[in-house]
Every structure is written in structure tokens, then in C-alpha cells.
Amino acid sequence: MNSQPYEVLFLGTRSIIAQANPDGKVHPYTLAALADQGIPIDGLSSKSWHVFGNPRAPVMDLVITVCDATGQETLPQWPG
């Protein structure tokens, strides 16, 4: 069994748990929900998907689109 956490990317413009704008600010309710579950929130930030489309980006195990609006956009080809 793999003991390492999965690298998961949620893409969306109006998602619930991943709600934030790609300006570095995470919605305060999202941070509160994560903290209530004991998940560390230090250093979390919202990012543009472009950050994850470059060759030096972490390899994602799973990419999930969580908004209908995102389905109308052209998304990058994810390596791996």
C-alpha cells in the first residue's frame, strides 16, 4: 500500500471546497472547514492552472474539473 498522499488538482471557477480565486487568496470558509478537520492550512494558496502546466510542476495523480464553466475552456495536456 502506498503511504504517500496523492497529488490531486481541482480545477474550477466556482467549486465548493476548492473555492478561491487564482490570486493567492483562499476563501476563508474553505480554510475554516479544513482546519476543523485537522488539516494543516499554513501556506495554502489558490493558484492558476498554468502553475501546474509547466515542466517543473509536481506530477498530478488525478486532475478533477469541478465546474461546468471550466468544461468550456481549453485545458492543458497533463504530463504522465
Side-chain angles (χ1 to χ4, degrees):
M1 177 180 251
N2 185 0
S3 62
Q4 296 292 346
Y6 287 104
E7 294 289 336
V8 179
L9 175 61
F10 292 91
L11 292 175
T13 55
R14 292 179 296 246
S15 64
I16 295 172
I17 192 64
Q19 184 172 358
N21 296 317
D23 60 3
K25 298 176 187 170
V26 179
H27 195 284
Y29 292 155
T30 301
L31 293 175
L34 293 171
D36 285 347
Q37 295 300 311
I39 298 170
I41 60 173
D42 291 339
L44 295 182
S45 66
S46 162
K47 301 163 196 69
S48 169
W49 60 264
H50 297 286
V51 171
F52 299 97
N54 74 62
R56 293 183 293 179
V59 174
M60 294 291 123
D61 296 306
L62 186 62
V63 178
I64 301 171
T65 301
V66 293
C67 180
D68 286 340
T70 305
Q72 304 301 317
E73 298 174 16
T74 301
L75 298 177
Q77 295 294 317
W78 298 99

To the nearest 0.5 Å, what is the distance between CD1 (I39) and CG (L31)? 11.0 Å
Interatomic spacing from CG in L34 to CG in L44 - rounded to 0.5 Å: 6.5 Å
E7 backbone acceptor or donor facing D61 side chain under 3.5 Å: yes
Shortest non-hydrogen pair, M60 vs L9, comes out as SD-CB, 3.5 Å
Indicate, with yes or no, if I41 and V26 share a hydrophobic cluster defined by side-chain heavy-atom contacts under 4.5 Å among Ile, Leu, Val, Met, Phe, Trp and Tyr. yes
